[in-house]
Structure formats: C-alpha cells, structure tokens
**Student:** 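Next up is a structure, given as structure tokens.
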There are 2 protein chains.
Amino acid sequence: MNRMDASTRDRLLDIASEVFHQKGLSGARMQEIADAAGINKAMLHYYFKSKEQLFDTVFQQALGQFLSGIAQALTSDAPLRQKVEQYVTYTTEALLHKPAVAAFIAHELQQHPERLATRFADQSLINLDNLRQQLLTTGQPRFQATNTAEHFFADMVALCVYPVLAQPLLRRLMQHTESQYQAFLRERQAHITQILLGQL
Amino acid sequence: MNRMDASTRDRLLDIASEVFHQKGLSGARMQEIADAAGINKAMLHYYFKSKEQLFDTVFQQALGQFLSGIAQALTSDAPLRQKVEQYVTYTTEALLHKPAVAAFIAHELQQHPERLATRFADQSLINLDNLRQQLLTTGQPRFQATNTAEHFFADMVALCVYPVLAQPLLRRLMQHTESQYQAFLRERQAHITQILLGQL
DNA sequence: GTCTATAAAGGGATAGAC
DNA sequence: GTCTATCCCTTTATAGAC
C-alpha cells in the first residue's frame, strides 16, 4: 500500500494538535511536529500540503468539538437541569483531557474571527429560544430579566471554561498542586449547576 | 535633548501592546510595530534592546494591571457586596477598553507559566482567607461548603473575564453587533453581582 | 512512503552615516 | 535620535534520489 495512510495521517493530526494547542499557529514549528512524530518535515508536507492547511485541520477539529458540546446542550429537549448537567459534564471532562485547547481557540479566534464563518454560513445551529423558553417557564423572578437566556448561557460557558483556560494563573493564586487543581475542577461540576439553578 | 525620551518610549509601548495583545509574542512582528509607530525597526531596537525585552515589558504591564484588580478586591476590607461590585466594575471597564488582553495573558501563560514567578516570588499578595471569612459569616448554607472561597473567587473572575475573552465566539453565537455585545457586557455587571450574592 | 539537501522567504538584529 | 543597508539565522517548502 502506497497511497496516503489514513491512520498515519490521524496520528500526525493528534501530535500536531498538541503542538498547535500549546503554541498557536505562529509559535508552532513544523520541525517540532515532525520530530515529535518521529518523521521529517518532508513527510509532514507529504500528508499536509502546508503548515496553514495542517493548522486549519487542527483548528476546525478543536472548534468543532467545542461547539458540538454547546449545540448538543442547546438543541436537546431535556429539562433545564439535565441540560446544564450534560453540558457541564461534557465540557469539564473534555477540557480536563486537553486543557490548552480553550486558550488556543480563544487566541486564534481573536486574530481571525472569520475562521468561524465556515461554521455559521449555512445554518445558525445554535438557537437560544429554546433555552429562553425553559427559563421563563420556571417562573423564577431572576429568569424574567431581558437577555436572560444570553446571560445564562454566557454564565454556564464561562464557569466551565475559564477555570481551565486560566489554570496557570488560578492554580498559582490558590497555591494548588496540579492534582489539587484537577480535583477542584471536578468539584466545580456540582457547584456550577448549583449556582446556575439553585434549588430549582 | 538626545537621551532616550521617556514619552516616546511610552508611546511605543502602547503601540507595541496593541500588536502583542492581538498577535502574541510569536505572531507579532517588529516591523509591524515600527510601521504602526511611524518609525523603523532600528529605532525600535534603540528603545528596546530586543523583541524579547519589549515583549516582557508589555506582558508584565498587562499582567500587573490584571492582578492589581484582583489584589485590590481581595485585600480591601470592604463588605462582601461592595468588594464584588468593585472588582466587577474595575475589570469590566478595563477589559472593555482592551478586549484582547485577556486572551493574550491566557495564551502566553499557557506556554510560559514561569513568567508568573516574578510576581509571586516575594509575597503571595493574594490571600483568600479574608474572603473565606466573609463568606462563612454570611451564614448562607451555600457558603459553608469546602473550597467556598476558591469557588467564589473563580466564579467571579470567570463571569467577568470569559465573556470578553470569548467575544468573537459568543458574539456570533448570539448574533449581536459589536455595540449590542458591549451593552450586553455592561448589563452583566449587575447580573454578576446578583448571581454571586443573590438577595444577600 | 521516506529520506537528504537545498531553495526561497521571512524577520530579528546591528553597523555606520547623518 | 533617526535613518538605510545589510547580515545572518530560522523556517517553510520542494526537488529529487531511493
């Protein structure tokens, strides 16, 4: 077999992801990726035409995974609490395995927001109306404010993602070891549901 | 006067900050900074020995401002609600003027957490004991849990910072214009205090 | 598919005139 | 203080042998 091997390509993608997540597009080096994979640059260019193309593949994959967690939670027709728990669990576990991915996406989107265009060209998969409806029908006064769904959504994502994204900072502020901080992040899952929904 | 002009240096720092905040250390180009300042690379190297040194200055300045907001809130002896309001206002306004700085700090610390060392070498300015005490004495059951101060603190920072940091993503998800999103961020100030402290 | 060698461009840094 | 010209290392990308 001499045609491009898909499993090799996937292996290279995984390795490239780690490097890109850590260093970003401009900080990553093709040489470093090749070294980590035990091949040379020429080989890497054989599988991916250019650094740009390799990066795009890595980035769209990371973004896709991140957005799919959101989309699943928002399009689900589960009750509110279950929806939240589902998102919090999914996101926390995903980020615990790839802590650098959140800062990576934020940093790269900062520079090129148009990279999102691909995702939202056809349909805006993510619709807050469903969530808004659920919030309003709780009857809770705090969920009657304007933009209640927008705030609730922003809160939920922020509470899950930021503590991972800012781990280097927060961990030092709290004087936690790495494993203490991981335990802290796990502890937050219940805490986040609590703070968002209270006794509901 | 032929000796290095401090006001020129400050002007260069401001311009360099914008570029570094947007593109990071590895993405920024000395040429671009020089162009934006209307000078040439040689001049830039006259004021700052190297790109590395220019970056360090920019980074430590950004980090210092970010941490000072936290330190002020935590060391203040104001009552809890006032403390929170103070932090939220300070941080929101600061980030509205420099939206890229949050992602910049996160991205650069991800790669070089040791850049924090300078800040925490002598004293750990930031101490959660004071906050913990205030939370416990509210009598509120939800503030009796373990790590209550850590969670409260992480929540507060996350709710303020993440929506700015992830603006390119969230803005598109919510289909807001830039000014709509800014209004949303201002609206969040009251919302964040409310969600953190409730009717307390 | 895999390698070595090298072309080609980019970008940080400095020499030296003014 | 400010500029032009240039050095030189790094890094992407490809040519071409096996």
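Not measured: the values here are computed from a predicted model. Every chain is numbered from 1, with letters handed out A, B, ... down the list of sequences.
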**Student:** Please name all residues satisfying side-chain contact (heavy atoms from CB on, under 4.5 Å) with A:Asp77, sequence neighbours left out, ordered by chain then number.
**Tutor:**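 None.
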**Student:** With sequence neighbours excluded, tell me which residues meet ring pair (Phe, Tyr, Trp, His ring centres under 6.0 Å) with A:His151.
**Tutor:** B:Phe184, B:His191
**Student:** In whole angstroms, how far is the C1' atom of C:dG10 from the CD atom of B:Glu32?
**Tutor:**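 So the two atoms are 14 Å apart, to the nearest Å.
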**Student:** Round to a whole Å and report the spacing from NZ of A:Lys51 to P of C:dG10.
**Tutor:** 14 Å
**Student:** How many Å lie between CG on A:Asp35 and P on D:dT12, as a whole number?
**Tutor:** 12 Å
**Student:** Taking only heavy atoms on the protein side, list every residue of residues 24-31 of chain A lying under 4.0 Å from any atom of DNA chain D, sorted numerically.
**Tutor:**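 Those residues are A:Ala28, A:Arg29, A:Met30.
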**Student:** Among all residues two or more places apart in sequence or in another chain, which pass the side-chain contact (heavy atoms from CB on, under 4.5 Å) test with B:Ala78?
**Tutor:**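 If we apply the side-chain contact (heavy atoms from CB on, under 4.5 Å) test to B:Ala78, skipping adjacent residues, the hits are B:Ser76, B:Gln82.
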**Student:** Enumerate the residue pairs fulfilling salt bridge (Lys or Arg N to Asp or Glu O under 4.0 Å) with a member in residues 14-34 of chain A, sequence neighbours excluded, ordered by first and then second residue.
**Tutor:**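 Non-adjacent pairs meeting salt bridge (Lys or Arg N to Asp or Glu O under 4.0 Å): A:Lys23-A:Glu32.
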**Student:** Do any N or O atoms of the protein come closer than 3.5 Å to N or O atoms of nucleotides 2-9 of chain C, and which pairs are they?
**Tutor:**
from, atom 1, to, atom 2, distance (Å)
C:dC3, OP2, A:Asn40, ND2, 3.4
C:dC3, O5', A:Asn40, ND2, 3.1

**Student:** Tell me whether the rings of B:Phe104 and B:His21 are parallel (<30°), tilted (30 to 60°) or perpendicular (>60°).
**Tutor:**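 Tilted.
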**Student:** From B:Leu12 CG over to B:Tyr47 OH, what is the distance, rounded to the nearest 0.5 angstrom?
**Tutor:**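 One gets 6.5 Å once the value is rounded to the nearest 0.5 Å.
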**Student:** Quick one: pull up CZ in B:Arg115 and CG in A:Leu169 and give me the separation to the nearest 0.5 Å.
**Tutor:**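 Answer rounded to 0.5 Å: 14.0 Å.
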**Student:** In whole Å, what is the span from the CD1 atom of A:Ile33 to the P atom of D:dT10?
**Tutor:**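 Nearest whole value for this atom pair: 19 Å.
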**Student:** Do the side-chain N or O atoms of B:His45 get closer than 4.0 angstrom to the phosphate oxygens (OP1, OP2) of C:dA13?
**Tutor:**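 B:His45 to C:dA13 OP1/OP2: side-chain N or O found under 4.0 Å.
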**Student:** Whole Å only: how far is the CD atom of B:Glu52 from the P atom of C:dG11?
**Tutor:** 17 Å
**Student:** Side chains of B:Arg171 and B:Gln180 only: does a donor on one sit below 3.5 Å from an acceptor on the other?
**Tutor:** no
**Student:** Would you kindly give the CG-to-P distance between A:Leu44 and D:dT14, to the nearest whole Å?
**Tutor:**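 After rounding, the gap between these two atoms is 12 Å.
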